[in-house]
Amino acid sequence: MSDRTIGYIVGSISSTSINRKLAKALERLAPEGTTLVEIPIADLPFYSPDHDADFPQVARDFKQAIDDVDGVIIVTPEYSRSIPGVLKNALDWSARPWGQGSFNGKPTAVIGTSQGGIATAAAQQHLKAILSHYNAPTLGQPEGYVQTTPGLFSDSGEVTNDQTAEFLIGYLEAFGALVDRYAAVPVAA
């Protein structure tokens with residue numbers, strides 16, 4: 001695949017999110033031919049089956065944004081050894097109504113950062129279990145556990161550590177290869 005568009009979801013709505021900084025770094029480091037675009041979740045209301053017959057526009061837009069990209073990277077913090085509630089809420093919207101799951105067959109990758117030594121490992125395992133249920137082909141290797149240190153990421157997405165930047169470039173290349181494997185094959189008319 002020569003050009004691809006990758007959506008990314010930041011699982012934190014904090015104005016000071018280090019995971020947003022990581023997402024900006026990924027956006028900045030994307031290889032030639034790859035564009036990263038954010039799929040926002042902050043405005044989604046709480047999911048309820050009461051909405052299944054008539055999704056609010058913001059939820060329809062969210063599902064359409066997932067449909068419009070070739071793959072999705074979920075950048076998640078870890079809250080209490082799991083994913084944040086706002087991210088789980090977004091994933092619930094993506095899976096509804098029944099039979100119209102946005103992640104079905106959508107190449108997906110998971111990455112996250114925290115100040116702790118194991119980064120977001122527990123949250124990512126929970127997230128991968130959810131994505132497996134959604135039938136999302138998910139990048140297995142390399143795993144994206146990034147320990148944040150002061151100044152590692154600038155607000156504009158610069159990475160100050162060469163080894164971290166190299167890892168993130170390799171991560172994006174590996175995910176690009178997964179996306180390419182699942183790219184729709186053109187059919188002659």
Asker: Give a yes or no on whether I13 and V72 share a hydrophobic cluster (residues Ile, Leu, Val, Met, Phe, Trp, Tyr; joining criterion: side-chain heavy atoms under 4.5 Å apart).
Answerer: yes
Asker: Can you tell me if CD on Q163 sees more than 12 non-hydrogen neighbours from other groups inside 6.0 Å?
Answerer: no
Asker: Which residue, V10, N89, I9, forms the side-chain contact (heavy atoms from CB on, under 4.5 Å) with I41?
Answerer: I9
Asker: Applying side chain to side chain contact (heavy atoms under 4.5 Å, CB included), run through S12 and V86 and close with a yes or a no.
Answerer: CA-CA 7 Å; S12 169; V86 294; over 6 Å; no
Asker: Would you sort out whether S154 and S156 count as a side chain to side chain donor-acceptor pair (under 3.5 Å), showing the intermediate values?
Answerer: CA-CA 5 Å; S154 73; S156 63; 3.1 Å; yes
Asker: Do F175 and I6 have side-chain heavy atoms sitting under 4.5 Å apart?
Answerer: yes
Asker: With R4, which of D68, D70, D180 fulfils salt bridge (Lys or Arg N to Asp or Glu O under 4.0 Å)?
Answerer: D180
Asker: Is the backbone N or O of T138 less than 3.5 Å from a side-chain atom of K128, with the two atoms forming a donor-acceptor pair by type?
Answerer: no
Asker: Heavy atoms only: give me the nearest V110-Y171 pair and the separation to one decimal.
Answerer: O-OH, 2.7 Å
Asker: Hey, is E158 close enough to K24 for a salt bridge, meaning N to O under 4.0 Å?
Answerer: no
Asker: Atom NZ of K88 and atom CG of L127: how far apart are they, to the nearest 0.5 Å?
Answerer: 10.5 Å
Asker: What about I73 and Y182, same hydrophobic cluster or not, with Ile/Leu/Val/Met/Phe/Trp/Tyr joined at side-chain heavy-atom distances under 4.5 Å?
Answerer: yes
Asker: I'd like to know if I169 and L139 are part of one continuous hydrophobic network [Ile/Leu/Val/Met/Phe/Trp/Tyr, side-chain heavy atoms within less than 4.5 Å].
Answerer: yes
Asker: Would you indicate whether the side-chain heavy atoms of V146 and F153 approach each other to under 4.5 Å?
Answerer: yes
Asker: Atom NE2 of H126 and atom OG1 of T76: how far apart are they, to the nearest 0.5 Å?
Answerer: 11.0 Å
Asker: Should the heavy atoms of other residues, nucleotides or ligands under 6.0 Å from CZ of R81 be counted, would the total exceed 12?
Answerer: no
Asker: Using modelled atom types only, decide if a donor and an acceptor are shared between the side chain of K106 and the backbone of V69 within a distance under 3.5 Å.
Answerer: yes
Asker: Indicate the atoms forming the closest heavy-atom contact of G71 with V179, along with that distance.
Answerer: CA-CG2, 4.2 Å
Asker: Counting only heavy atoms not in F55, do more than 12 fall under 6.0 Å of its CZ?
Answerer: yes
Asker: Which of these passes side-chain contact (heavy atoms from CB on, under 4.5 Å) with I74: I83, N19, I39, L87?
Answerer: L87
Asker: CG/D43 to CZ/F62 distance, rounded to the nearest 0.5 angstrom?
Answerer: 12.0 Å
Asker: I need the minimum non-hydrogen distance between P142 and F167, along with the two atoms involved.
Answerer: CB-CE1, 3.9 Å
Asker: I need the T108 OG1 to Y134 OH distance, nearest 0.5 Å.
Answerer: 11.0 Å
Asker: Considering only heavy atoms from C-beta outward, does the side chain of L172 approach that of L29 to under 4.5 Å?
Answerer: yes
Asker: May I ask whether L152 and I111 are part of the same hydrophobic cluster, defined by side-chain heavy atoms of I, L, V, M, F, W, Y residues being less than 4.5 angstrom apart, directly or through others?
Answerer: yes
Asker: Test of understanding: clusters of I, L, V, M, F, W, Y form through side-chain heavy atoms closer than 4.5 Å, transitively. Do L91 and V58 belong to the same one?
Answerer: yes
Asker: Keeping S17 on the side-chain end and R20 on the backbone end, is there a donor-acceptor pair under 3.5 Å?
Answerer: yes
Asker: Nearest 0.5 Å, what's the OG-CG distance between S48 and D92?
Answerer: 10.5 Å
Asker: For A23 and V75, which heavy atoms make the closest approach, and how far apart are they?
Answerer: CB-CG2, 4.1 Å
Asker: Rounded to the nearest 0.5 Å, what separates atom OG1 in T34 from atom CG in L26?
Answerer: 11.5 Å
Asker: Write down the atom of L36, the atom of A30, and the distance for their closest heavy-atom approach.
Answerer: CD1-CB, 3.6 Å
Asker: Heavy atoms only: give me the nearest G11-P84 pair and the separation to one decimal.
Answerer: O-CG, 3.1 Å
Asker: For residues 109-119, which residue pairs qualify under side chain to side chain donor-acceptor pair (under 3.5 Å), counting only residues two or more places apart or in two chains?
Answerer: T113-T148
Asker: With distance as the sole criterion, is a donor-acceptor pair present between the side chains of T16 and S14 under 3.5 Å?
Answerer: yes
Asker: Looking at T164 and D162, would you say the former's side chain and the latter's main chain have a donor-acceptor pair under 3.5 Å?
Answerer: no
Asker: I would like to know whether Y145 and Q124 meet side chain to side chain donor-acceptor pair (under 3.5 Å); could you show each step before the answer?
Answerer: CA-CA 9 Å; Y145 310 130; Q124 288 188 41; 4.6 Å; no
Asker: Check this for me: does any side-chain nitrogen of one of D67 and K63 sit under 4.0 Å from a carboxylate oxygen of the other?
Answerer: no
Asker: I'd like to know if the side chain of E38 reaches the main chain of Y8, judged simply by a donor and an acceptor atom lying under 3.5 Å from each other, with no hydrogens or angles considered.
Answerer: no
Asker: Given the rule in the ring pair (Phe, Tyr, Trp, His ring centres under 6.0 Å) test, do Y47 and W93 qualify, once you have shown the distances and angles that lead to the verdict?
Answerer: CA-CA 6 Å; Y47 171 75; W93 279 109; 5.1 Å; yes
